[in-house]
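Notes to accompany the following structure.
Proteins get letters first, then strands, A, B, ... in listed order; numbering begins at 1 in each. Only a predicted model underlies this, so the values are computations on that prediction, with no experimental measurement involved. Reckoned from all heavy atoms, side chains included, excluding hydrogens, waters and symmetry mates.
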There are 4 protein chains.
Amino acid sequence: MPKLGMEPIRRAALVEATIAEIGAAGSLDVTVGQIARRAGMSTALAHHYFGGKDQIFLAAMRQILRDFGREVVAGLHAARNPRARAEALIAASFAPSCFAPATVSAWMMLYAQATTHPETHRLLHLYQRRLRTNLTHALRPLSADPRGHAETLGALIDGLYLRAALSPDDTVAQARATAQHALDTLIGPRQ
Amino acid sequence: MPKLGMEPIRRAALVEATIAEIGAAGSLDVTVGQIARRAGMSTALAHHYFGGKDQIFLAAMRQILRDFGREVVAGLHAARNPRARAEALIAASFAPSCFAPATVSAWMMLYAQATTHPETHRLLHLYQRRLRTNLTHALRPLSADPRGHAETLGALIDGLYLRAALSPDDTVAQARATAQHALDTLIGPRQ
Amino acid sequence: MPKLGMEPIRRAALVEATIAEIGAAGSLDVTVGQIARRAGMSTALAHHYFGGKDQIFLAAMRQILRDFGREVVAGLHAARNPRARAEALIAASFAPSCFAPATVSAWMMLYAQATTHPETHRLLHLYQRRLRTNLTHALRPLSADPRGHAETLGALIDGLYLRAALSPDDTVAQARATAQHALDTLIGPRQ
Amino acid sequence: MPKLGMEPIRRAALVEATIAEIGAAGSLDVTVGQIARRAGMSTALAHHYFGGKDQIFLAAMRQILRDFGREVVAGLHAARNPRARAEALIAASFAPSCFAPATVSAWMMLYAQATTHPETHRLLHLYQRRLRTNLTHALRPLSADPRGHAETLGALIDGLYLRAALSPDDTVAQARATAQHALDTLIGPRQ
DNA sequence: AATGAATGAGTTTTCATTCAT
DNA sequence: GATGAATGAAAACTCATTCAT
């Protein structure tokens, strides 16, 4: 029973299925067949709507980054002062959603593919630049060297995320605390 | 005329070829055929010596980590005091050898596969623990919270490496400077 | 707002698109999708009007032959005597329209498919018989063996067309001259 | 039970199977799977030895042309004078082997693909040039215009072959007679 | 009249792996 | 010790065709 306007629905379903499938497999070795099956359609349709596997994957990555971006924006919105903004950025980076297996795998995929796939690299770069900008902006009124501190904090967050994401036990809270602590060290503790 | 005692030679050749091939491809999509050809032997022999692709890859990763470990040991050996030891650890992490394309790709592979492959995960964990131990040890005489600072510095190094490795332009020196600066902030600048 | 009497328009558009697409691709590997897109409609409609790909192709071939037939008829019409009629047949066979890439490709398709597709074979046979009849008719007052000479001349024209069509450089004029010369040899030169 | 030196055997088997399969299908729509099955091996092996479908087809075409070339050489070898050489060329072009279904289909494939595939075009061109050279050579002592007559005769042979090949009933003998007759007309009948 | 939606069946191609020699 | 031979299994992708709307 074909309906009209299925394209956005199908695309969304495929993206969601891709993320889910990556999460379930815990790996990047996911076939279009698996994705399509999970999304409840034929591989042919998946190809029809996306043109190829690469573009399905790319769309999934964009979705991951978009979700993360939303998390960040929401956090920043709720923050009432610079320090709160900086803390919100840390919080967003260690939000539970970032540690869903699918998200972790997708994130690893981003890093792994960035060396080869130019488009992936561009995407990753975009995210890093945005985070740096946000951090710099938040630190400007608080720090003598907002740029440098943003750079440091950003890299620290990435490193902590990497470690927490790969740890079997939940060290997310600890990672977040470490980041928070580093922030305190850089700009002085909260009064 | 097959020679005796070829096993270690063949294994070493395969491991080297694996790393080189990964570097050349700039990706993890490397076939056993490519590796074997580069190592100058048949795929059958590659399987004979390693049992399977996974184990070839694992051996390559071990080699990468071993190489890095050697770099670390050499640096630590030359260091004459705790601070020098901490700085040597930073220096080793940003040594040129760590940024050879093959090494970068292999490193990314490590992260990407660690979520799935338990053995890979174990390897990565080992490295991280060793680095943490080394750092903690170096910081003990210098820091009020050697453990915490080691954790922070370790994660920061990972994050900076990730970013520097993926940047097209050479930001290695800057990354290293940032790590060094963070060390100064944590334990106070050199007198 | 669908209009009435669209059928002939749509069919013509599809046939034209088929020939154009074959010409553009320079090959027989043309999909219904490509044809329909070029004709400005959906593949479903193409199927609706023709029933299947084979029939679209067949219609295109009929069109090619019809076009050629028209060229022949026009030439014969303008000819005022038997010799002129024979020459008109040669001229029609080497008319520029016969060497349009689309036409050449379609013609090759005819030959290639004639071995398999009985319907295609029938079409090709029809054309060949008609050309032979026309030639025989024109040669009757000029030749001692109109049938035999028509057979020879017809085959020669086909062979020359094949060679000229596949030559990258324009050898059409030369091919035509050769055919003309053969005619002269067979029935004696013009007085 | 794998043996050594299989490559030439396998390649030959594949080429033969390709020609046979094209003949059986009476069409160019032959899959690698069909070819491999007929040759008694897996598709993977077919790819292994030839690299791809195109190259299998190309090899088959080369074989067809080589076979024809051998037929020609044998005929020329047996001929004791120029006229016999010219007749041998005609005879070779209408030899039974040229009308085996597989050969006809392959020949059609050559023509159909020549417009697109440069390599195929090159091959076809080669054959045409060689035939022209042979004919010119044979006609030199017999004809006032050996080049022109060779051109004419060559095209005539192609055209007659095309028609005979596509005729269901056996008109090969007649086609050959027509070519022979044309030769007589061009250079005068045998004394 | 027209189409977006959807798919089944098929194609080429790749690759890790096994085995007899 | 070493390899050419061989394959099964699976992957991405294509396309003619159908159908409900």
Check your understanding: Ring centroid separation for D:Y127 and D:F68, is it under 6.0 angstrom?
Key -> yes

Exercise for review: Determine the minimum heavy-atom distance between A:D29 and A:Q34, stating which atoms define it.
Suggested key: O-OE1, 4.1 Å

Exercise for review: For this output row, return yes or no: ring centroids of A:H121 and A:H125 closer than 6.0 angstrom.
Suggested key: yes

Exercise for review: Would you please confirm or rule out a distance under 4.0 Å between OP1 or OP2 of E:dA5 and any side-chain N or O of A:Y49?
Suggested key: yes

Review point. Could you give the CZ-to-C1' distance, from C:R11 to E:dA2, as a whole number of Å?
Key: 16 Å

**Study point:** Whole angstrom value for the distance that separates P of E:dT12 from CG of D:D29
**Key:** 10 Å

Practice item. Do nucleotides 8-14 of chain F as a string where each nucleotide becomes B, S or -: B if the base has a protein heavy atom under 4.0 Å, S if just the sugar-phosphate does, - if no protein is that close. Key: B--SSBB

Point to revise | Atom pair distance, as rounded to whole Å: CE in A:M41 and P in E:dG4 | key: 18 Å

**Study point:** Validation row: A:H117, A:D54 side chains within 4.5 angstrom (heavy atoms)
**Key:** yes

Study note, to complete from the structure: Those stems involving DNA chain F that have three or more consecutive Watson-Crick or G-U pairs, both distances under 3.5 Å, are E:2-21 with F:2-21

Exercise for review: State, yes or no, whether a side-chain contact exists between B:W107 and B:L65 at a heavy-atom distance under 4.5 Å.
Suggested key: yes

Exercise for review: Kindly give the heavy-atom pair with the smallest separation between B:A114 and B:L124, and that separation in Å.
Suggested key: CB-CD2, 3.9 Å

Check your understanding: Which heavy atom in D:L14 sits nearest to a heavy atom in D:A39, and how many Å separate them?
Key -> CD2-CB, 3.9 Å

Review point. DNA chain F: D:R10 or B:R10, which has the more 5' nearest nucleotide?
Key: B:R10

Point to revise | Whole-Å distance separating the CZ atom of C:R37 from the C1' atom of E:dG4 | key: 14 Å

Exercise for review: Return the value, rounded to whole Å, for the distance between atom CD1 of A:I9 and atom C1' of E:dA6.
Suggested key: 14 Å

Review point. Within this structure, what is the CD-to-P distance between C:E21 and F:dC15, rounded to whole angstrom?
Key: 12 Å

Study note, to complete from the structure: The side-chain contact (heavy atoms from CB on, under 4.5 Å) partner of B:K53 among B:V32, B:V30, B:T43 is B:V32

Check your understanding: Roughly how many Å is it from CZ in B:F50 to C1' in E:dT17, rounded to a whole number?
Key -> 16 Å

Review point. Which pairs count as side-chain hydrogen bond (donor to acceptor under 3.5 Å, both in side chains) when at least one residue sits in residues 9-19 of chain B, sequence neighbours excluded?
Key: none

